[in-house]
Amino acid sequence: TPIRILICGGGNGAHTISALASSRPNVEVNVLTLFADEALRWKTALGDDHIVIKAHYSDGTQGEIRGKPRLITNDPAEAMKDVDVVFFVVPAFAHKQYFEAIQNYINNDTIIVGMPGQAGFEFQALSSMKRPGHSAILSLDSMPWACRIVEFGRNVEILGFKDILGPSVIAGTGNYKLPPLQYVQRILGEKPNLQPVDNYLAVSLMADACVHPPMMYGRWKDWDGTPLSEKPLFYQGVDEIQEDLLSKVSDEIVATAKAIQQQRPELDMSTVIHLFDWYKKYYPDQISDKSSLRSCMVTNKAYNGLVYPMKSVDGGFVPDFGYRYTSEDIPFGLVVMKGIAECAGVKTPTMDIIIEWAQKKLGKEYIVGSTLSGRDVGSSRAPQAFGFKTLHDLCSVL
Ligand code: NAI
């Protein structure tokens with residue numbers, strides 16, 4: 001019998017997984033997009049045709065993958081009918097909207113996948129389900145591929161497959177058609193290979209979001225408002241001040257993991273490592289000078305030419321503080337890490353300074369002094385926003 005999955009979203013990742021999953025034998029794919037008229041636009045653009053993926057494989061060869069979802073809709077009830085697995089493939093700020101739309105149709109046997117989850121996905125997911133006795137929650141630590149839409153609704157390109165991902169799995173209590181991890185691997189195919197990490201806290205603490213805010217703060221904290229004549233290099237322009245900030249934030253994250261490990265020896269937090277070690281581990285061939293954190297970033301080929309998010313104004317460019325490096329990576333990133341640190345009883349003076357600065361740019365208040373007690377905590381994905389206040393609370397869902 002066929003298995004049926006739901007893809008939530010309509011962007012690059014949603015196009016890619018919709019086509020890829022539909023190309024597999026005995027897999028039926030529904031798509032739900034709630035964004036404006038995207039469902040109708042997608043359905044109309046595709047007509048009776050298949051979505052075509054142009055895939056670039058790591059051995060240099062290229063291939064074509066074709067797949068057609070059975071349904072593209074903006075109706076949650078129709079979308080969720082007989083679905084075993086739901087993939088959330090939208091930026092983190094949109095997760096809540098999808099959970100609210102489908103929560104009445106999620107049961108204990110549904111598998112929920114954040115692709116990627118981003119920090120705090122589990123808290124959002126759990127709060128949308130009836131606890132205790134909830135379904136499985138998988139959080140992928142990144143998108144399985146670098147991918148982009150070439151022609152909306154019809155053509156998409158996989159620029160590269162990740163070799164390995166380290167998802168977290170909260171097994172839940174459901175009666176699944178296939179074990180959750182095996183199910184997702186079957187949909188993705190051979191690559192990336194899913195090598196689960198021990199627990200969701202370890203994934204949340206290692207999210208990419210710990211890089212962008214310290215970079216933004218370090219670069220712009222003393223900026224006087226004068227437009228720049230060109231967009232400065234992002235990673236390749238790291239200076240000593242930013243390096244120091246990144247390193248200190250990383251120290252606070254590692255200290256949080258150590259504190260959790262000490263209080264809960266049964267958890268394995270060893271995948272939470274300092275950013276310097278992370279670069280050496282994950283970009284072994286792309287970095288030409290591995291002598292320091294700064295040199296790892298400046299000489300990383302994967303980062304060639306990437307610039308700061310900037311807006312054009314009269315006289316040049318000004319930083320875009322509404323870009324996801326702050327608007328997402330604070331409420332769905334650093335604030336979540338801060339919240340976990342608070343549950344573990346770890347002080348985070350450097351994170352606090354960065355959150356304090358960024359929340360002003362965003363017109364929000366998450367932190368007051370050194371505690372997460374601002375009026376906007378509830379709209380962040382900090383554990384505290386969902387009633388998790390202690391390490392005991394965080395572990396109660398494992
Ligand atoms: P995308 O930028 O293509 O997503 C756009 C989609 O998000 C839209 O089509 C719509 O469905 C939804 N959306 C946009 N604005 C919305 C709004 N105001 N309200 C409701 N829904 C809205 O995103 P993509 O590329 O699919 O990536 C998803 C996540 O994965 C992002 O967080 C991205 O940073 C991350 N990621 C993406 C990679 C890639 O290669 N595409 C690689 C690594 C991470």
Side-chain angles (χ1 to χ4, degrees), residues 6-21 30-46 51 53-56 69 72-76 79 86-102 113-121 124 138-167 188 191-192 203-204 206-213 234-235 282-283 302-303 306 309 320 322-334 336 379 381:
L6 173 65
I7 310 302
C8 293
N12 304 305
H15 274 65
T16 306
I17 187 73
S18 298
L20 189 68
N30 288 353
V31 175
L32 174 68
T33 159
L34 302 170
F35 181 50
D37 60 348
E38 197 166 62
L40 183 63
R41 281 199 297 125
W42 190 347
K43 217 166 115 172
T44 312
L46 191 59
I51 306 169
I53 305 177
K54 184 173 170 191
H56 298 265
I72 302 172
T73 180
N74 62 2
D75 176 355
V86 183
F87 287 82
F88 285 71
V89 198
V90 283
F93 71 83
H95 287 158
K96 186 174 180 209
Q97 182 190 9
Y98 282 93
F99 274 117
E100 284 171 353
I102 65 168
V113 184
M115 195 176 99
Q118 317 270 21
F121 181 75
Q124 182 75 66
L138 261 84
S139 192
L140 303 194
D141 49 330
S142 187
M143 193 69 100
W145 337 268
C147 59
R148 63 161 185 239
I149 294 172
V150 178
E151 184 188 357
F152 179 81
R154 302 181 56 84
N155 289 301
V156 60
E157 192 168 14
I158 295 182
L159 305 157
F161 290 73
K162 304 238 160 78
D163 288 325
I164 297 170
L165 283 183
L188 293 179
K191 267 194 183 178
V203 173
S204 273
M206 283 307 286
D208 295 352
C210 66
V211 174
H212 301 140
F234 194 73
Y235 300 98
Y282 286 94
Y283 292 96
Y303 290 156
L306 292 177
D320 183 356
Y323 190 68
R324 64 180 168 86
Y325 288 180
T326 33
S327 63
E328 285 206 44
D329 291 340
I330 293 295
F332 309 111
L334 220 52
V336 183
S379 65
R381 283 217 303 217

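Whatever order the structure lists them in is the order used to number ligands and atoms, beginning at 1. Quick note: numbers below take in every heavy atom, side chains included, and nothing from hydrogens, waters or symmetry partners.
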inquiry  = Tell me every residue that passes side chain to side chain contact (heavy atoms under 4.5 Å, CB included) with I149, counting only those two or more places apart in sequence or in another chain.
reply    =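 Here the qualifying residues are N12, H15, F152.
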Evaluate [X] for polar contact with ligand 1, using N/O atom pairs at a separation under 3.5 Å.
X	result
A146	no
N12	yes
Y98	no

message = Working to the nearest 0.5 angstrom, can you tell me the gap between I51 CD1 and E151 CD?
response =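 That separation rounds to 11.5 Å.
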Closest heavy-atom contact between [X] and [Y]?
X	Y	answer
L140	M115	CD1-CG, 3.5 Å
G13	W145	O-CZ3, 4.1 Å
P69	L46	CD-CD2, 4.2 Å
L165	P144	CD1-CA, 3.9 Å
G117	S139	CA-OG, 3.3 Å
I102	F88	CD1-CZ, 3.9 Å

Specify the protein heavy atom at minimum distance from [atom]: its residue, its atom name, and the distance to 0.1 Å.
atom	result
atom 29 (C) of ligand 1	P116 CD, 3.8 Å
atom 41 (N) of ligand 1	C147 O, 3.3 Å
atom 7 (O) of ligand 1	P91 CD, 3.5 Å
atom 20 (C) of ligand 1	Q97 OE1, 3.4 Å
atom 11 (O) of ligand 1	E38 OE1, 2.5 Å
atom 12 (C) of ligand 1	V90 CG1, 4.1 Å
atom 19 (N) of ligand 1	F35 CD1, 3.6 Å

ask   = Between the candidates M143, R148, H15, which shows the shortest non-hydrogen contact distance to atom 36 (N) of ligand 1?
value =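 Closest candidate by heavy-atom distance is M143.
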inquiry  = Testing the 3.5 Å rule here: is there a donor-acceptor pair between the side chains of H95 and R381?
reply    =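 Yes, because at least one side-chain N or O of H95 sits under 3.5 Å from a partner of the opposite role on R381.
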For [X], the ligand 1 atoms whose distance to one of its heavy atoms is below 4.0 Å:
X	result
G13	24 (P), 26 (O)
Q118	32 (O)
G11	3 (O), 4 (O), 5 (C), 6 (C), 9 (O), 26 (O)

ask   = Any protein heavy atom lying closer than 4.0 Å to atom 22 (C) of ligand 1?
value =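 There is a protein heavy atom less than 4.0 Å from atom 22 (C) of ligand 1.
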query = When you look at F99 and F121, which way does the ring pair (Phe, Tyr, Trp, His ring centres under 6.0 Å) test go after all the steps?
reply = CA-CA 11 Å; F99 274 117; F121 181 75; 5.6 Å; yes
query = Which bit of W145 is near ligand 1, meaning a heavy atom under 4.0 Å away: side chain, backbone, both or neither?
reply =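 Near ligand 1, W145 shows its backbone, while the atoms from C-beta on stay back.
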